[in-house]
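All heavy atoms count here, side chains included; hydrogens, waters and symmetry mates do not.
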Amino acid sequence: MSDSLFDLIRERFPRDPEASFIETPGGRVMTYGEVEEATGRLARLLAEAGVAKGDRVAAIVEKSPEAILLYLAVLRAGGVYLPLNTAYRAQEIAYFLGDAEPRAVVWRPEAEAEIAALAGTAKVFTLGQAGDGSLMDASADLDPDFQSVPSAADDLAALLYTSGTTGRSKGAMLSHWNLASNALALHSIWGFRPGDVLLHALPIFHTHGLFVATNCVLLNGSSMLFLNRFEPDLVCRLLPRATVMMGVPTFYTRLLEHPGFDQALCGNMRLFISGSAPLLEETHRAFEAKTGMAILERYGMTETGMNSSNPLEGARVPGTVGYALPEVELRVADEDGRVLAAGETGVLEVRGPNVFSGYWRQPEKTAAEFRADGFFITGDVACMAPDGRVSIVGRAKDLIISGGFNVYPKEVELVIDEQAGVRESAVIGLPHPDFGEAVTAIVVPEDDACPPEAASLIAAAKEALANYKVPKQVFVMDALPRNAMGKVQKNALRERYKDSFS
């Protein structure tokens with residue numbers, strides 16, 4: 001018997017193969033019957049390319065229905081799905097491919113030569129946003145009757161690289177049961193029902209858009225309106241056809257600013273969900289005042305999927321992330337792991353079937369992030385009410401979440417520090433009305449009389465980093481504030497520049 005996530009999902013497919021799974025704004029409909037056949041062909045193609053059980057398949061592809069087929073086909077073939085942000089530059093991609101050593105790599109057609117130079121011995125396929133490229137062409141005539149490769153519950157299903165505050169990204173190893181248990185819990189507590197239609201405007205290279213949104217739809221055997229990106233005009237046009245929407249806080253602030261967004265437009269909606277970054281209490285209240293609906297905020301991370309959620313029925317309290325999911329345990333502890341009493345502030349720790357097995361090829365880092373009793377140390381600062389409701393009050397480390405994307409300062413600082421005229425830098429996140437946090441660089445010049453130009457530093461960062469990591473502003477200081485141990489006091493910097501984007 002297999003515990004494959006794909007097999008679980010396929011059991012939930014509608015009986016009618018003509019039932020819609022994905023509909024695009026252009027009117028294209030992909031049915032569940034097409035999913036069954038196309039994933040069979042693609043899984044066969046991957047197997048013929050040498051992808052065996054446990055082999056990684058890297059996908060650096062734009063959002064498209066075919067990209068979802070690729071994800072499912074990798075699971076069906078017994079592979080490990082490795083999605084990467086399409087905004088990454090060659091230098092970043094080279095690190096991920098070198099670390100993960102995928103058996104196959106899929107990238108956009110117009111850059112096939114570039115990825116071939118980075119892929120080493122991996123088999124290279126291409127996939128464009130329009131479904132073009134060698135991946136779909138090469139699989140078109142293959143036999144779709146492919147037997148799903150059996151997988152155990154703890155076999156790897158995905159490898160997701162997650163930001164830290166120092167050094168390089170780490171690969172979080174997620175098993176079939178990590179993903180399946182989380183999807184089943186969310187499908188249940190969020191009340192998915194026949195006829196639900198999800199409005200999907202999220203990226204699909206990370207947990208929120210790929211595992212949370214897509215897996216819930218698949219387990220429900222229902223349909224989603226599949227947008228390439230979040231566009232307020234388009235979202236407002238499609239909302240009357242949807243019942244559920246998942247988004248980052250930026251989505252909701254932009255909808256509130258849209259002149260056509262009102263309560264009548266949301267008449268068919270039953271649930272708005274927010275995650276990936278903290279939702280401001282002002283946004284929560286403004287949204288409820290305008291629509292009559294309270295956004296449901298939840299909390300999760302790459303290593304664990306979702307950990308907690310505000311209730312479907314009951315109070316969705318602004319500024320809180322609700323209660324632990326079924327079979328998930330949450331506790332607040334001090335730095336030594338001593339569990340704190342209700343109302344005390346400490347680091348949130350989690351244990352449950354959703355928690356990853358560790359970091360790819362980093363046993364020492366893995367051991368350092370787990371307690372002896374199996375609780376994972378999230379690094380997020382929280383407090384828990386007597387009834388178990390959790391509030392996230394900050395981050396123990398300096399991770400920045402900008403527009404729902406994680407940015408770790410060290411990587412940006414390394415780029416800034418390499419530029420002419422820069423002695424050192426500190427990168428922080430500052431409150432921003434649209435992005436939640438804006439990446440900001442504070443620079444100490446080599447020569448106070450001739451500081452580097454902000455525009456040139458930002459341009460250099462754009463050359464080396466994905467756009468969401470690029471500083472929105474650069475400030476110059478004579479010296480960075482430090483404590484007695486010489487550590488840069490980033491809290492002092494955040495306080496000094498906190499109103500820069502207000």
Side-chain angles (χ1 to χ4, degrees), residues 2-13 17 21-22 28 30-84 86 100 102-109 115 119 122-151 155-160 174-176 179-180 183 200 204-205 209-211 213-215 217-219 221 224 226:
S2 173
D3 290 310
S4 164
L5 174 60
F6 178 83
D7 289 343
L8 171 66
I9 286 169
R10 184 163 55 176
E11 290 173 4
R12 304 289 190 99
F13 281 9
F21 168 47
I22 287 177
R28 178 190 174 190
M30 175 182 286
T31 68
Y32 275 90
E34 290 178 81
V35 173
E36 172 72 28
E37 292 194 358
T39 57
R41 293 190 183 99
L42 288 170
R44 186 173 299 280
L45 177 65
L46 293 172
E48 291 179 355
V51 175
K53 186 174 178 178
D55 284 339
R56 280 74 60 206
V57 177
I60 318 149
V61 296
E62 300 294 342
K63 185 178 181 180
S64 70
E66 287 75 16
I68 298 295
L69 293 177
L70 174 60
Y71 157 59
L72 295 174
V74 173
L75 297 178
R76 189 169 180 174
V80 179
Y81 191 62
L82 168 56
L84 295 171
T86 55
R103 179 73 65 180
V105 179
V106 187
W107 210 20
R108 58 184 187 272
I115 193 62
K123 176 68 175 178
V124 173
F125 296 102
T126 59
L127 178 62
Q129 194 163 40
D132 54 316
S134 64
L135 184 76
M136 302 310 294
D137 290 346
S139 65
D141 296 326
L142 297 181
D143 183 357
D145 186 14
F146 181 88
Q147 185 67 37
S148 176
V149 173
S151 296
D155 284 340
L156 287 191
L159 183 64
L160 267 64
L174 296 160
S175 71
H176 285 263
L179 300 180
H200 194 307
I204 57 170
F205 52 77
L210 185 61
F211 299 142
T214 305
N215 285 351
V217 170
L218 286 163
L219 287 180
M224 57 183 169
F226 204 65

Q: Under the ring pair (Phe, Tyr, Trp, His ring centres under 6.0 Å) definition, can you give me all pairs with a residue in residues 37-70, not counting sequence neighbours?
A: none
Q: Rounded to the nearest 0.5 Å, how far does CG of Leu218 lie from CD of Glu11?
A: 13.0 Å
Q: How would you list all residue pairs meeting salt bridge (Lys or Arg N to Asp or Glu O under 4.0 Å) that involve residues 64-74, not counting sequence neighbours?
A: Arg28-Glu66
Q: Can you list everything that forms a side chain to side chain donor-acceptor pair (under 3.5 Å) with Ser148? Sequence neighbours excluded, please.
A: Asp7
Q: Nearest 0.5 Å, please: how far is CZ in Phe6 from CG in Leu75?
A: 8.0 Å
Q: Taking side chain to side chain donor-acceptor pair (under 3.5 Å) as the test, write out the residues that go with Thr86, two or more places apart.
A: none
Q: If I take atom CD1 from residue Ile22 and atom CE from residue Met224, how far apart are they, to the nearest 0.5 angstrom?
A: 4.0 Å
Q: Looking only at heavy atoms, which two atoms of Ser139 and Leu42 are closest? And how far apart?
A: OG-CD2, 3.5 Å
Q: Under the ring pair (Phe, Tyr, Trp, His ring centres under 6.0 Å) test, which residues partner Phe21, sequence neighbours left out?
A: Tyr32
Q: Just to verify, what does Ala122 make a side chain to side chain contact (heavy atoms under 4.5 Å, CB included) with, not counting sequence neighbours?
A: Val105, Ala119
Q: Is there side-chain contact between Pro65 and Phe226, with at least one heavy-atom pair below 4.5 Å?
A: yes
Q: Taking only residues two or more places apart in sequence or in another chain, which ones pass salt bridge (Lys or Arg N to Asp or Glu O under 4.0 Å) with Arg12?
A: none
Q: How far does CG of Leu84 sit from CH2 of Trp107, to the nearest 0.5 angstrom?
A: 10.5 Å
Q: Applying salt bridge (Lys or Arg N to Asp or Glu O under 4.0 Å), which residue pairs with at least one partner in residues 128-150 are found, sequence neighbours left out?
A: none
Q: Pairs in or reaching into residues 33-69: which pass ring pair (Phe, Tyr, Trp, His ring centres under 6.0 Å), with residues at least two apart or in two chains?
A: none
Q: To the nearest 0.5 Å, tell me how far Thr126 OG1 sits from Ile60 CD1.
A: 12.0 Å
Q: Suppose we screen for side chain to side chain contact (heavy atoms under 4.5 Å, CB included). Which residues come up paired with Asp155, at least two apart in sequence or across chains?
A: Lys53, Ser151, Ala152, His176
Q: I'd like a table of donor-acceptor pairs (distance under 3.5 Å, sequence neighbours excluded) in which one partner is a side-chain atom from residues 33-41, with atom names and distances.
A:
residue, atom, partner, partner atom, Å
Glu34, OE2, Thr31, N, 3.0
Glu34, OE2, Thr31, OG1, 3.4
Glu36, OE2, Arg10, NH1, 3.1
Glu36, OE2, Arg76, NH2, 3.4
Thr39, OG1, Val35, O, 2.7
Thr39, OG1, Glu36, O, 3.3
Thr39, OG1, Arg76, NH1, 2.9
Arg41, NE, Leu142, O, 3.3

Q: Show me, pair by pair, the donor-acceptor contacts under 3.5 angstrom made by side chains of residues 45-52, not counting sequence neighbours?
A:
none

Q: Identify the two heavy atoms, one from Leu174 and one from Phe211, that lie closest to each other, and give their separation to 0.1 Å.
A: CD1-CE1, 4.2 Å
